K.L.:
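Before I ask anything, here is the structure I am working with.
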Amino acid sequence: MLHTGDPIGYKIFRHPRKPIGPPPPQPPGLTRYGSAPSSLIATAVDTIIGAECEFGANLRSPSLLGGEHDHGHSHSHGHYFSGDSSSITPSQPARSTSPPPLSTGNRGTDKQQMGDGGEEHEVGEQWTRHGETNNRASDIALEYCKRIRAIVKEISKGIAESLGLEANYISKAMNLESSFQIFIANWYPPCPQPELAMGLPPHSDHGLLTLLTQNGIGGLQIQHNGKWVNVNSFPNSFLVNTGDHLEILSNGKYKSVVHQAVVNRDSTRISLAIANGPSHDTVVTPAPELVKSHPPAYGGIKYKEYIQLQQSNNLNGKSILNRIRSL
Ligand SMILES: O=C(O)CCC(=O)C(=O)O
Ligand SMILES: [Fe+2]
């Protein structure tokens, strides 16, 4: 897990208490206690990264996230959002009538998916809330994702060099110009018996890097040497989680971090995660340079299929990565 030091600001976001919906499938022993009311993403975008807070202000200035545009991408290239929650839906019909391939969530969180203009989605879809188009939230989130993508590309250069690879190796191998991003908002309400509950079960993220920002309330834990370690919510920082596809590409030199979210008795916690992966159809395999002294430890699988596998199974540590482990 890495931290980036970009100076972002945020403000505490308090969502009105609402009953959460029916619980998703539970891991044995603990009650899942975290979800998202269906309007969370748009509301969270409005309040955590929206115009009233520092971050929103920074979003409009090029300095924060590395520039006005994301090097090579434009709306016409095919950024999109699509909704898989009941009340945040594309305001225009999707191009295909089949459901989005990644729409089956297993986490009880609201998600918005953003990708490279593949066949399933219309470009420039907008979010609706309570039947009304929320242009502002979708515009801010779109810009946010573009800037995050630029950051991920920069970090990937440093990682590639640390592996003895050419700086742009990861960007090219994963086709990061068209990287598939998923915008995830997690909402963890106060829980009367946190010791009996679990916010988000242990898992690793499927992509390359996940950039997380939070509302100042701790709850994230990472597994380190077999123990759970609390990760504090540092102000003015993103938390960067290493994902399974970095582990694959690096032939195990970088490990994806297993993490979970716990809940607390007093405060609502919200986290916004942007999961950044390769493009949909990319098959990532260990870099040839890294299999000279160690045979490839993982087989390759299309990223889209990998995500489908994770989303159609309960979150359970590194269970999906283990399926394509060859050693
Ligand atoms: O809420 C958190 O801190 C963890 C979120 C997370 O792991 C995820 O969305 O994948
Ligand atoms: Fe995660």
Side-chain angles (χ1 to χ4, degrees), residues 1-4 8 10 12-13 15 20 24 27 30 32-37 40-41 44-45 48-49 84-85 102 104-114 141 144-145 148 152 180-191 194 197-224 228-235 237-247 254-264 267-277 306-307 309-311 313-321:
M1 189 165 296
L2 314 162
H3 286 97
T4 61
I8 68 165
Y10 58 85
I12 305 282
F13 165 64
H15 197 276
I20 54 175
L30 288 175
R32 178 76 198 284
Y33 202 84
S35 180
L40 173 65
I41 288 189
V45 165
I48 294 187
I49 58 175
D84 68 352
S85 74
L102 308 177
T104 324
N106 61 354
R107 314 148 61 107
T109 57
D110 268 1
K111 280 182 267 188
Q112 296 290 322
Q113 298 170 345
M114 177 183 179
Y144 185 70
C145 286
I148 295 278
V152 167
F180 188 77
Q181 296 175 290
I182 305 179
F183 191 118
I184 304 161
N186 299 296
W187 181 70
Y188 309 99
C191 175
M198 174 53 70
L200 197 56
H203 67 282
S204 55
D205 294 345
H206 37 64
L208 165 65
L209 297 170
T210 301
L211 267 65
L212 189 88
T213 185
Q214 324 171 39
N215 67 341
I217 309 291
L220 178 64
Q221 298 185 328
I222 60 166
Q223 214 171 57
H224 183 65
W228 287 110
V229 179
N230 290 323
V231 180
N232 294 329
S233 177
F234 290 105
S237 67
F238 286 118
L239 218 76
V240 183
N241 274 343
T242 48
D244 291 346
H245 274 68
L246 178 57
E247 181 163 338
Y254 277 85
K255 304 285 186 212
S256 59
V257 65
V258 176
H259 54 288
Q260 64 180 14
V262 296
V263 290
N264 71 79
S267 315
T268 293
R269 173 165 183 267
I270 290 177
S271 65
L272 291 182
I274 310 292
N276 300 271
Y306 193 89
I307 297 178
L309 264 180
Q310 198 191 47
Q311 295 197 339
N313 287 278
N314 281 332
L315 291 179
N316 177 17
K318 288 192 168 190
S319 60
I320 306 303
L321 188 61

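These figures come from a predicted structure and were not determined experimentally. Each ligand, and each atom within it, is numbered from 1 in the order the structure gives.
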K.L.:
Does ligand 1 have any atom that is closer than 4.0 Å to a heavy atom of H203?
P.N.:
yes

K.L.:
Non-hydrogen atoms of D205 versus ligand 1: any pair closer than 4.0 Å?
P.N.:
yes

K.L.:
Heavy-atom contact under 4.0 Å between Q214 and ligand 1?
P.N.:
no

K.L.:
Would you indicate whether the side-chain heavy atoms of K318 and E247 approach each other to under 4.5 Å?
P.N.:
yes

K.L.:
Would the H206 and H245 ring centres measure less than 6.0 Å apart?
P.N.:
no

K.L.:
Between K255 and T242, do the side chains contain an N or O donor and an N or O acceptor separated by less than 3.5 Å?
P.N.:
no

K.L.:
For H259, is at least one N or O under 3.5 Å away from an N or O on ligand 1?
P.N.:
yes

K.L.:
Quick one: do the T210 and D205 side chains pair a donor with an acceptor below 3.5 Å?
P.N.:
yes

K.L.:
Just to confirm my numbers, could you give the angle made at the Fe ion (ligand 2) by NE2 of H259 and NE2 of H203, rounded to 10°?
P.N.:
90°

K.L.:
Working to the nearest 0.5 angstrom, can you tell me the gap between Q181 CD and L208 CG?
P.N.:
11.0 Å

K.L.:
Are any of the side-chain heavy atoms of T268 and W187 separated by less than 4.5 Å?
P.N.:
yes

K.L.:
Show me which atoms of ligand 1 lie under 4.0 Å from any heavy atom of L212.
P.N.:
3 (O), 5 (C)

K.L.:
Only N/O/S atoms count here: what is the atom of D205 closest to the Fe ion (ligand 2) called?
P.N.:
OD1

